[in-house]
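Below is one structure, written out as structure tokens; comments come after it.
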Protein chains: 2
Amino acid sequence: MKKKSRINIYDVAEAAGVSISTVSRALNDDARISPKTKAKVRAVALRLGFQKNALATSLSTNQTKVIGVIVPQLNREFLSSLVHNIEETAFEMGYSVIVCQTNNSYEREKTYMDTLIASRVAGIVATLSLETESFEHFEKAMEQGIKVVLVDRVTNALKGITKIVVDDYRGSFEGTQHLIDQGYTKIAYLSGPTKQLMYADRLRGFQQAVKEAGLPLKDEWVKYSSNLSFEEGTRIANELLALENPPNAIFTANNLTAISTIARAEELGLKVPEELGVIGFSEEPFSAFMKPSVTSIRQPSKAMGQLAVQKLIEEINSDQNGSYIHQKVVLDTELICRDSTRLRKSG
Amino acid sequence: MKKKSRINIYDVAEAAGVSISTVSRALNDDARISPKTKAKVRAVALRLGFQKNALATSLSTNQTKVIGVIVPQLNREFLSSLVHNIEETAFEMGYSVIVCQTNNSYEREKTYMDTLIASRVAGIVATLSLETESFEHFEKAMEQGIKVVLVDRVTNALKGITKIVVDDYRGSFEGTQHLIDQGYTKIAYLSGPTKQLMYADRLRGFQQAVKEAGLPLKDEWVKYSSNLSFEEGTRIANELLALENPPNAIFTANNLTAISTIARAEELGLKVPEELGVIGFSEEPFSAFMKPSVTSIRQPSKAMGQLAVQKLIEEINSDQNGSYIHQKVVLDTELICRDSTRLRKSG
DNA sequence: AATGAATCTACAAGCGCTTGCATGGCAGCA
DNA sequence: TGCTGCCATGCAAGCGCTTGTAGATTCATT
């Protein structure tokens with residue numbers, strides 16, 4: 001049998017001359033234990049270096065103080081910032097965070113879900129992977145009583161679940177309008193996979209703004225990329241700029257591709273923003289430092305992270321009372337005007 | 001008493017018509033159970049949607065498959081990239097990762113350590129907070145049998161512990177030499193707090209290189225910042241450039257301050273790299289995209305993350321055999337020459 | 001002095017799983 | 001037929017904690 005390595009409440013009880021239930025209650029600040037006993041028990045526990053075994057507590061109480069976070073990856077500014085804020089808020093509320101990266105793999109998302117269920121996490125904050133199109137794994141977790149909040153990349157297929165998103169449609173609409181205001185007339189769009197709600201919304205926002213302005217909406221000016229990587233941006237910018245009738249502005253669905261679009265344009269001898277305006281959705285840390293600095297649509301990662309955790313824990317705690325009202329929270333994006341779209345001086 | 005919400009091995013045992021020990025063994029692929037029984041049990045478990053309670057398993061076996069990661073923050077490129085790779089490697093090896101951000105607070109580091117000990121994590125990978133100068137909390141964890149690996153920001157005060165670092169001294173030396181090779185003669189240095197081993201090493205590397213080259217090593221050209229923030233970089237660059245005898249190159253101990261140094265220099269009308277060379281330790285995603293692109297010393301975050309986890313798990317598994325040999329792994333940095341230090345065309 | 005209330009503490013079952021040891025069944029051998 | 005030996009399975013204790021309930025103590029009250 002295993003050796004009893006660490007000291008437990010039995011040791012404390014013995015040293016303090018009380019029973020283990022008294023130790024447990026004293027440590028949990030139960031009203032039934034006299035202040036004197038509490039003080040004694042605590043002193044002994046401290047002296048012995050006692051550290052409560054959270055596993056045993058969780059097993060016994062059937063609840064944990066940990067939330068699982070499922071995100072595609074950690075090395076993207078928005079996501080690492082989101083996780084940063086999630087962790088921060090969770091810490092303040094007494095929760096730990098288990099981080100799971102799916103690498104945008106559906107399989108991996110499922111695997112992680114099982115792990116989190118097995119770990120009996122209290123709740124899960126998730127940003128869907130790009131591949132994810134079915135959601136049984138989420139339903140499974142919810143059936144097991146695990147609360148789930150979806151952030152940023154969400155789905156309408158899942159009901160009875162809190163969602164935190166930005167108004168992608170509006171953000172995209174405003175970004176496009178900004179281009180139009182600046183005087184750009186032939187605007188192309190580089191979209192992510194529109195199976196993803198957010199990319200569909202962004203595309204719609206773009207299209208609507210162009211349409212309302214009475215500008216041309218050419219099919220050949222709308223391109224799709226499955227992963228919106230730096231290289232994809234380069235490739236597609238190349239395609240767009242090689243068209244017989246090339247656009248004079250490009251709106252990209254993320255910021256990384258905006259960078260590579262600018263780089264490619266400059267390689268081709270085009271001046272940004274004079275000959276080509278470029279704007280990208282979401283914001284990377286370098287967006288401001290680049291030359292030209294990159295106009296972008298900022299997503300409020302701080303608010304999103306905070307809200308996600310707050311709502312999640314609210315729901316976890318609401319279990320007693322019964323029904324929790326699930327909401328979809330839509331946050332505003334912020335247009336950050338920078339040099340890459342500054343056509344008119346009086347922009 | 002609480003309701004038994006989820007199905008457990010008792011349910012499976014009953015449904016399969018065997019005992020719980022058989023279920024347990026079948027699910028754990030114990031050799032003593034016949035293949036037929038295993039198949040039957042597994043089928044039933046699957047049908048019932050059984051999900052093993054990891055808490056109970058851990059409590060019973062006295063071991064968990066989770067490692068704690070303690071880092072100052074997640075919204076720095078190097079650290080988020082490090083954590084990314086740690087998580088990735090841990091996943092491959094069957095471990096989950098609990099992420100803890102200290103915000104460079106010693107108190108918080110201690111708090112997290114207690115949480116991790118309470119959670120009975122198998123091991124901890126940590127990058128010390130800037131504030132941390134005493135290490136009892138680490139010793140406490142180690143006494144409890146929790147393995148610890150220190151990464152990047154480490155200490156010599158802790159013995160019997162694996163450390164993964166880059167050769168800060170050498171990286172700094174090489175970076176300085178690069179400046180000298182380029183023809184810069186008056187080189188200033190912006191250091192982090194030298195209580196931190198890594199900052200001390202970087203400073204030494206710089207000093208040694210300057211000395212060996214027979215260049216002046218003026219006290220007024222060495223500045224210190226407690227946090228190396230963007231603003232600090234601006235402030236200190238300002239100080240340096242306002243000197244009666246200003247430097248013509250600045251080496252900063254991180255990359256963020258390199259950016260703000262460049263920005264400030266340009267505001268002051270100085271041309272980079274012609275009139276001021278700038279190089280920064282570590283690498284940010286935007287280092288390459290800036291104009292001028294920023295010469296920097298790259299730390300191999302991928303290798304560091306991988307190694308940290310591999311060594312940690314090695315040590316965890318070595319417990320049976322007895323003594324594990326703790327090593328300090330020193331990885332090479334890589335000098336990424338970019339425009340901000342390109343004085344000679346034939347650089 | 002006896003009684004009840006109010007306080008405090010201990011007992012023991014239970015959370016869901018692992019695991020050393022016991023047991024039962026059966027084939028093979030004499 | 002009776003015995004040994006082996007294989008597959010079951011029993012039950014234990015991991016460290018929580019918690020309903022019973023029991024002990026104290027104190028005030030009559």
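Per chain, numbering begins at 1; letters A, B, ... match sequence-line order. Bear in mind the structure is a predicted one, so any value in this text is a computation, not a measurement.
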(request) Among the candidates C/dC17, D/dC17, C/dC8, find the nucleotide nearest to the side-chain atoms of A/Ser34. (result) C/dC8
(message) Please compare B/Ser19 and B/Ala56 by the position of their nearest nucleotide in DNA chain D and report the one closer to 5'.
(response) B/Ser19
Measure from [atom1] on [X] to [atom2] on [N] and round the result to the nearest Å.
{"X": "A/Lys38", "N": "C/dT9", "atom1": "NZ", "atom2": "P", "value": "10 Å"}
{"X": "B/Ile9", "N": "D/dT9", "atom1": "CD1", "atom2": "P", "value": "16 Å"}
{"X": "A/Ile33", "N": "C/dT7", "atom1": "CD1", "atom2": "P", "value": "14 Å"}
{"X": "B/Leu27", "N": "C/dT18", "atom1": "CG", "atom2": "P", "value": "8 Å"}
{"X": "B/Leu59", "N": "C/dC17", "atom1": "CG", "atom2": "P", "value": "12 Å"}
{"X": "A/Lys36", "N": "C/dC8", "atom1": "NZ", "atom2": "C1'", "value": "11 Å"}
{"X": "B/Asn62", "N": "D/dC15", "atom1": "CG", "atom2": "C1'", "value": "8 Å"}
{"X": "A/Asn8", "N": "D/dC15", "atom1": "CG", "atom2": "P", "value": "8 Å"}

(message) Could you check whether B/Tyr106 and B/His137 have their ring centres less than 6.0 Å apart?
(response) yes
(message) Any carboxylate oxygen within less than 4.0 angstrom of a Lys/Arg side-chain nitrogen, looking at A/Asp152 and A/Lys163?
(response) no
(request) Before accepting this row, confirm whether a basic side-chain N of the pair A/Lys110/A/Glu107 lies closer than 4.0 Å to the acidic partner's carboxylate O. (result) yes
(message) Under a 3.5 Å threshold, yes or no: a donor from one side chain and an acceptor from the other, between B/Lys52 and B/Asn28?
(response) yes
Taking only side-chain N and O atoms of [X], does any of them lie within less than 4.0 angstrom of OP1 or OP2 on [N]?
{"X": "A/Ser60", "N": "D/dT18", "result": "no"}
{"X": "B/Thr61", "N": "C/dT18", "result": "no"}
{"X": "A/Asn53", "N": "D/dC15", "result": "no"}
{"X": "A/Ser24", "N": "D/dT18", "result": "yes"}

Pick base, sugar-phosphate or nothing for [X], based on heavy-atom distances below 4.0 Å to the nucleic acid.
{"X": "B/Ile20", "value": "base"}
{"X": "B/Ser21", "value": "base"}
{"X": "A/Thr37", "value": "sugar-phosphate"}
{"X": "B/Asp30", "value": "nothing"}

(request) Please lay out, stage by stage, how A/Arg6 and A/Asp11 fare under the test salt bridge (Lys or Arg N to Asp or Glu O under 4.0 Å). (result) CA-CA 9 Å; A/Arg6 331 202 199 200; A/Asp11 302 321; over 6 Å; no
(request) Not counting sequence neighbours, which residues clear ring pair (Phe, Tyr, Trp, His ring centres under 6.0 Å) with A/Phe138? List them please. (result) none
(request) Evaluate the salt bridge (Lys or Arg N to Asp or Glu O under 4.0 Å) criterion for residues B/Glu88 and A/Arg108: first the C-alpha distance (whole Å), next the side-chain angles of each, then the deciding distance (0.1 Å), finally the verdict. (result) CA-CA 11 Å; B/Glu88 191 73 18; A/Arg108 194 132 160 203; 3.2 Å; yes
(request) Using heavy atoms to find the nearest nucleotide of DNA chain C for A/Lys40 and A/Tyr10 separately, return the residue whose nucleotide is more 5′. (result) A/Lys40
(request) Mark up nucleotides 21-27 of chain D, 5' to 3', with B wherever a protein heavy atom is under 4.0 angstrom from a base atom, S wherever such an atom reaches only the sugar-phosphate, and - elsewhere. (result) B------
(message) Taking salt bridge (Lys or Arg N to Asp or Glu O under 4.0 Å) as the cut-off, I'd like each qualifying pair that reaches into residues 128-138 of chain B, sequence neighbours left out, listed once.
(response) B/Glu133-B/Lys195
